[in-house]
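No hydrogens, no waters, no symmetry mates; every other heavy atom, side chains included, goes into these values.
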Amino acid sequence: RYNQAKGWHGARVESRANFPLDPAAAVLHYAQEIFEGLKAYKRDDGGVNLFRPDANARRFHDSAERMAMAPLPEDVFIEAVEQLVRIDRAWIPGGEGSLYLRPFMIASEIFLGVKPSAEYIFSVIASPVGSYFKGGPAPVSIWVSENYTRAAIGGTGAVKCGGNYAASLRAQAEAIQHGCDQVVFLDAAEHRWVEELGGMNVFFVMNDGSVVTPPLAGTILPGITRASIIKLATENGLNVVERPYSFEEWQNDATSGKLREAFACGTAAVVAAIGTVRHAGGEFVIGNAGTGMETEKLRNQLTGIQRGTVADSHGWVKDVTLA
């Protein structure tokens with residue numbers, strides 16, 4: 001817990017239980033809330049890996065700053081995650097499963113009035129999860145939202161806060177109504193430039209060996225999987241270009257064959273190929289509507305590093321069992 005008199009204090013690990021919250025707790029009225037998502041993986045030798053928890057800690061700190069919340073020291077974030085993983089390591093499934101970890105912070109001061117809270121609760125909860133894809137990785141279908149936007153310049157697009165996800169739910173429901181798995185958002189100013197999916201960043205693989213991904217620019221969440229993919233793709237000899245990419249260009253490149261593959265990435269799915277794109281004016285497919293070679297290669301590399309079956313030359317993996 002945090003208050004202005006004591007700072008962060010009273011850290012402990014305890015059995016999962018409900019939080020007693022006053023009806024006037026700030027989080028319930030003014031949405032001061034942030035969270036992270038990461039996984040613990042069981043290795044073949046029985047050890048446990050965390051993937052880039054320092055990056056999650058850094059992003060959590062940045063999210064708190066933007067939301068006018070008390071920043072949590074990054075080492076406290078990492079220690080909290082590690083302690084819970086050690087205690088709950090028996091719950092980590094093998095194979096394609098993992099232990100999903102959800103660190104979060106909420107404003108807990110009791111008041112009604114628009115100001116930053118003076119009190120906060122930080123907590124980490126965990127749950128075993130299976131593979132994101134039932135029956136193996138499969139391409140997803142995407143609905144292009146032309147009526148709703150996710151974020152605008154100067155807003156909270158780069159922050160992992162609940163409000164961003166709440167704002168995406170109506171568009172996601174629209175995607176499902178049109179038979180799609182996910183929604184992709186265009187920019188708020190021109191409704192022209194591709195930004196990101198409801199919970200994943202997006203990449204486009206061209207026939208000249210280049211890979212295009214929308215620039216962060218304050219409206220897109222700086223995904224840790226995204227940053228890892230950029231590093232691996234560059235090392236694989238692909239020319240990764242962060243630049244604005246329009247929906248019109250996406251359609252034209254898919255039709256001409258210039259666009260060979262497209263995929264989304266994030267903590268839950270890691271890497272998911274995009275096969276079909278639907279919009280108000282029709283639909284188009286990317287390549288053969290399947291999983292492309294580069295997409296599969298990057299997914300196998302990244303999941304291999306996470307699970308300890310591929311060498312980690314970047315220092316991304318933290319062995320929880322050794323600490």
Take F284 and H279, measure what side chain to side chain contact (heavy atoms under 4.5 Å, CB included) needs, and give me the verdict at the end.
CA-CA 9 Å; F284 57 91; H279 56 100; 4.2 Å; yes
Show your working on side chain to side chain contact (heavy atoms under 4.5 Å, CB included) between R52 and S228 and close with a plain yes or no.
CA-CA 9 Å; R52 306 190 71 175; S228 306; 2.9 Å; yes
Let's go through V202 and Y245 carefully: what are the C-alpha distance in whole Å and the side-chain angles of both, what is the deciding distance for side chain to side chain contact (heavy atoms under 4.5 Å, CB included) to 0.1 Å, and is it a yes or a no?
CA-CA 11 Å; V202 62; Y245 189 70; over 6 Å; no
Would M67 and M105 satisfy side chain to side chain contact (heavy atoms under 4.5 Å, CB included), going step by step from the backbone distance to the final call?
CA-CA 11 Å; M67 299 297 285; M105 188 199 304; over 6 Å; no
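A donor-acceptor pair under 3.5 Å is formed between the side chain of D187 and the backbone N or O of E190. Formation of a donor-acceptor pair under 3.5 Å by the H29 side chain with backbone atoms of P23 is found in this model. At least one donor-acceptor pair under 3.5 Å links the side chain of H9 to the backbone N or O of G7. Of the possible donor and acceptor atoms, none in the side chain of Q32 sits under 3.5 Å from a partner among the backbone N and O of A26. Side-chain atoms of T234 come within 3.5 Å of backbone atoms of I230 as a donor-acceptor pair (strictly under, hydrogens ignored). Of the possible polar contacts, none joining the T149 side chain to the A151 backbone as a donor-acceptor pair under 3.5 Å is found. No donor-acceptor pair under 3.5 Å is formed between the side chain of K42 and the backbone N or O of L99. In this structure, the side chain of D22 engages the main chain of A24 through a donor-acceptor pair within 3.5 Å.
Using a 4.0 Å cut-off between charged nitrogen and carboxylate oxygen, R86 and E82 count as a salt-bridge pair.
Q301 and N236 form a side-chain donor-acceptor contact under 3.5 Å, judged by distance and modelled atom types alone. Side-chain contact check for N3 and Y120: no donor-acceptor pair (N or O, by modelled atom type) lies under 3.5 Å. Side-chain N/O atoms of R43 and N49 include a donor and acceptor closer than 3.5 Å. A donor and an acceptor atom, one from each side chain of Y100 and R102, are located under 3.5 Å apart. In this model, a donor atom of one side chain and an acceptor atom of the other lie less than 3.5 Å apart for T156 and N164.
The shortest distance between side-chain heavy atoms of I92 and Y41 does not fall below 4.5 Å. Annotation: side chain of I220 is in contact with side chain of P214 (closest heavy-atom distance under 4.5 Å). Between F263 and F204, the closest side-chain pair of non-hydrogen atoms is not below 4.5 Å. In this structure, V212 and F203 have side chains that are not in contact, with every pair of non-hydrogen atoms separated by 4.5 Å or more. Side-chain contact between P103 and F35 is absent, with no heavy atoms from C-beta onward closer than 4.5 Å. Annotation: side chain of V320 is not in contact with side chain of R89 (no heavy-atom distance under 4.5 Å). Within the 4.5 Å cutoff, no side-chain heavy atoms of L186 are placed close to those of W193. Side-chain contact between V241 and N239 is present, with heavy atoms from C-beta onward closer than 4.5 Å.
Remark: D45 CG is packed, more than 12 non-hydrogen atoms of other residues, nucleotides or ligands lying under 6.0 Å away. Counting heavy-atom neighbours within 6.0 Å of E248 CD, excluding the residue itself, gives a total of 12 or less.
Residue pairs satisfying the ring-ring contact (aromatic ring centres under 6.0 Å, His included) criterion with at least one member in residues 209-234, sequence neighbours excluded, are absent. For residues 279-292, the salt bridge (Lys or Arg N to Asp or Glu O under 4.0 Å) pairs, not counting sequence neighbours, are R278-E283. Sorted by first and then second residue, the salt bridge (Lys or Arg N to Asp or Glu O under 4.0 Å) pairs involving residues 176-186 (not counting sequence neighbours) form an empty list. For residues 194-221, every residue pair satisfying the salt bridge (Lys or Arg N to Asp or Glu O under 4.0 Å) rule, not counting sequence neighbours, is listed here: R150-E196. Counting only residues at least two apart or in different chains, salt bridge (Lys or Arg N to Asp or Glu O under 4.0 Å) contacts with residues 103-113 comprise E109-K115.
Smallest separation of non-hydrogen atoms from T219 and A152: CG2-C, 3.6 Å. Closest heavy-atom contact between L101 and A40: CD1-N, 4.0 Å. Scanning both residues, T225 and V270, for their nearest heavy atoms gives CG2-O, 3.5 Å. Nearest approach of S141 to C180, heavy atoms of both residues: OG-CA, 3.2 Å. Nearest heavy-atom pair, V317 versus D312, reported as atom, atom and distance to 0.1 Å: N-OD2, 2.8 Å. The two atoms that bring G97 and R307 nearest to each other are O-NH1, 3.0 Å, heavy atoms only.
Taking CD1 from I274 and OG1 from T291, the interatomic distance works out to 11.0 Å, rounded to the nearest 0.5 Å. Taking CD of Q306 as the start and CG of L50 as the end, the distance is 11.0 Å to the nearest 0.5 Å. Here the CG-CG distance, from L232 to L298, works out to 6.5 Å after rounding to the nearest 0.5 Å. Taking CD of E33 as the reference point, atom CD1 of I121 lies at 12.5 Å (rounded to 0.5 Å). Note that CG of L84 is 10.5 Å distant from CZ of R16, once rounded to the nearest 0.5 Å.
Both V310 and L238 are members of a single hydrophobic cluster when ILVMFWY side chains are connected at heavy-atom separations under 4.5 Å. No single ILVMFWY cluster, assembled from side-chain heavy atoms under 4.5 Å apart, contains both V159 and Y165.
For R260, the side-chain contact (heavy atoms from CB on, under 4.5 Å) partners at least two apart in sequence or on another chain are V205, N207, E294. Partners of E242 by salt bridge (Lys or Arg N to Asp or Glu O under 4.0 Å), not counting sequence neighbours, listed by chain and number: R226. Under the salt bridge (Lys or Arg N to Asp or Glu O under 4.0 Å) criterion, E249 pairs with R243, sequence neighbours left out. R59 is linked by a salt bridge (Lys or Arg N to Asp or Glu O under 4.0 Å) to E36, counting only residues two or more places apart in sequence or in another chain. When the side chain to side chain donor-acceptor pair (under 3.5 Å) test is applied to T295, the partners found at least two apart in sequence or on another chain are E261. Applying the salt bridge (Lys or Arg N to Asp or Glu O under 4.0 Å) criterion to E14, with sequence neighbours excluded, gives R12.
Across I34, L221, D62, a single residue satisfies side chain to side chain contact (heavy atoms under 4.5 Å, CB included) together with K160, and that is L221.
Under a 4.5 Å side-chain heavy-atom criterion applied to ILVMFWY residues, the cluster that includes Y148 comprises W143, V183, F185 as well.
Classification of the W250-F247 ring pair by plane angle, with boundaries at 30° and 60°, yields perpendicular. Between W8 and F122, the ring planes lie perpendicular to each other; the angle is over 60°, past the 30° to 60° tilted range.
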